[in-house]
Amino acid sequence: MVKVGKAAPDFTAEAVVGRQFTNVSLADYRGKYVVLFFYPLDFTFVCPTEITGFSDAAPEFHKLNAEILGVSVDSKYSHLAWIETPRNKGGLGDLVYPLVSDITKQVSRDYEVLIEDAGVALRGLFIIDREGVVRVQIVNDLGIGRNIEEVLRLLKALQYTEEHGEVCPANWQPGGDTIVPDVEGSKEYFAKMK
């Protein structure tokens, strides 16, 4: 069972990196943060907006020592064909992170995002820390795309809390006020409330 605060299920699977086939293992990314996201199917409608959005934002994730992995139940051949399809034709064009083939559906099952009777994954997103622990878990229904800026904000909040030992309130943005997580320390933050 996937739980925040517990080890992320490891996996090794075939993937397309650039336009080449290779094996990708979650363990290969130990020491970095990982944004692992699942999407339902290649050649669909909401999925390319998310996949290309993550690719376009990849430099921002890399600045935060984070790698991105996209996963669906499609074959590596389907992934490659979609990458080779231009964006203005509903394709992905060049991507800067691996698209993992979960053709056996085991990775989706292990992360508890597989809709068994439909054979596709929900839009699950997991932020995994440098030690391989799940720190953020968000699952959307099939028709609801994710906000890439929010994923970046969550990653920044996670890193802030790790570095400073303070916690981030609702709607926190980098540079915003944080809370010392004890009764006395938190009074400074709450004293500013209206």
Side-chain angles (χ1 to χ4, degrees), residues 1-11 24-39 46-47 49-71 95-100 107-114 121-194:
M1 185 176 265
V2 176
K3 290 192 177 215
V4 171
K6 301 293 183 186
D10 199 8
F11 62 86
V24 170
S25 179
L26 184 61
D28 294 341
Y29 296 91
R30 196 59 61 93
K32 292 183 175 266
Y33 294 89
V34 175
V35 175
L36 175 68
F37 75 95
F38 293 81
Y39 65 94
V46 175
C47 298
T49 66
E50 294 182 318
I51 295 166
T52 59
F54 276 115
S55 189
D56 294 345
E60 295 302 311
F61 285 97
H62 292 156
K63 287 178 193 171
L64 299 169
N65 190 33
E67 297 294 332
I68 303 165
L69 295 174
V71 182
L95 295 180
V96 297
Y97 60 86
L99 275 191
V100 177
V107 181
S108 299
R109 240 181 235 109
D110 289 347
Y111 279 82
E112 300 179 338
V113 295
L114 184 68
L122 293 164
R123 294 185 192 283
L125 182 134
F126 302 85
I127 298 178
I128 301 165
D129 71 14
R130 295 167 292 179
E131 279 74 47
V133 174
V134 175
R135 301 295 296 277
V136 173
Q137 176 179 351
I138 302 169
V139 181
N140 294 0
D141 204 352
L142 299 176
I144 305 167
R146 290 163 277 215
N147 182 318
I148 310 305
E149 289 300 317
E150 174 62 4
V151 178
L152 275 166
R153 187 192 76 82
L154 291 168
L155 179 59
K156 290 173 184 176
L158 166 60
Q159 292 179 350
Y160 186 92
T161 62
E162 288 178 341
E163 183 177 343
H164 299 281
E166 296 177 2
V167 294
C168 300
N171 303 316
W172 177 85
Q173 292 292 331
D177 290 337
T178 55
I179 304 170
V180 175
D182 65 49
V183 174
E184 285 304 311
S186 66
K187 289 180 180 177
E188 181 180 340
Y189 176 84
F190 290 112
K192 299 175 189 175
M193 303 290 287
K194 295 180 183 182

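- In this structure, Glu162 places its CD atom where more than 12 heavy-atom neighbours from other residues, nucleotides or ligands lie under 6.0 Å away.
- Pairing each heavy atom of Thr52 with each of Thr49, the nearest pair is OG1-O, 3.6 Å.
- Qualifying side-chain contact (heavy atoms from CB on, under 4.5 Å) partners for Asp110, counting only residues two or more places apart in sequence or in other chains: Pro9, Gln106.
- Note that CD of Glu166 is 9.5 Å distant from CG of Asp177, once rounded to the nearest 0.5 Å.
- Checked by atom type and distance alone, the side chain of Asp10 pairs as donor or acceptor with a backbone atom of Ala27 at under 3.5 Å.
- Taking CD1 of Ile68 as the reference point, atom CG of Leu36 lies at 11.0 Å (rounded to 0.5 Å).
- Annotation for Ala8 and Leu26: closest pair CB-CD2, 3.9 Å, computed over non-hydrogen atoms.
- The shortest side-chain heavy-atom distance between Leu99 and Tyr39 falls under the 4.5 Å cut-off.
- The aromatic rings of Tyr111 and Phe38 sit tilted relative to each other, their planes meeting at an angle between 30° and 60°.
- When all heavy atoms are compared, the tightest approach of Glu50 to Ile144 is OE2-O, 4.3 Å.
- Between Arg153 and Asn171 the shortest heavy-atom distance is NH1-C, 4.1 Å.
- With hydrogens and angles disregarded, a donor-acceptor distance shorter than 3.5 Å links the side chain of Asp182 to the backbone of Glu184.
- The shortest side-chain heavy-atom distance between Val96 and Phe61 does not fall under the 4.5 Å cut-off.
- Atom-to-atom distance recorded for Thr161:OG1 and Ile179:CD1 is 12.0 Å, nearest 0.5 angstrom.
- Separation of atoms CD1 (Ile127) and CD (Gln137) is listed at 11.5 Å; rounding is to 0.5 Å.
- When atom types are taken as modelled, the side chain of Arg123 and the backbone of Phe37 share no donor-acceptor pair closer than 3.5 angstrom.
- Within the 4.5 Å cutoff, the side chain of Leu64 has heavy atoms near those of the Gln159 side chain.
- At a threshold of 4.5 Å between non-hydrogen side-chain atoms, the residues Ile128 and Tyr33 do not count as touching.
- When all heavy atoms are compared, the tightest approach of Asn65 to Arg130 is ND2-CD, 4.0 Å.
- Using a 4.5 Å heavy-atom threshold, the side chains of Ile148 and Glu60 count as separate.
- Using a 4.5 Å cut-off on side-chain heavy atoms (C-beta onward), Ile138 and Leu154 make contact.
- Note: Phe54 and Tyr97 have perpendicular aromatic rings, judged against thresholds of 30 and 60 degrees for the angle between ring planes.
- In this structure a side-chain-to-backbone donor-acceptor pair under 3.5 Å is missing from Asn140 to Leu125.
- Between Val34 and Phe126, the closest side-chain pair of non-hydrogen atoms is not below 4.5 Å.
- The shortest side-chain heavy-atom distance between Tyr189 and Thr178 does not fall under the 4.5 Å cut-off.
- The line from CG of Leu158 to NZ of Lys156 is 13.0 Å long, rounded to the nearest 0.5 Å.
- Taking all atoms of both residues into account, the shortest heavy-atom contact from Gly145 to Val46 is CA-CG1, 3.7 Å.
- Listed for the Ser186 side chain is no donor-acceptor partner under 3.5 Å among the backbone atoms of Val180.
- Between Leu155 atom CG and Asp129 atom CG the span is 10.5 Å, to the nearest 0.5 Å.
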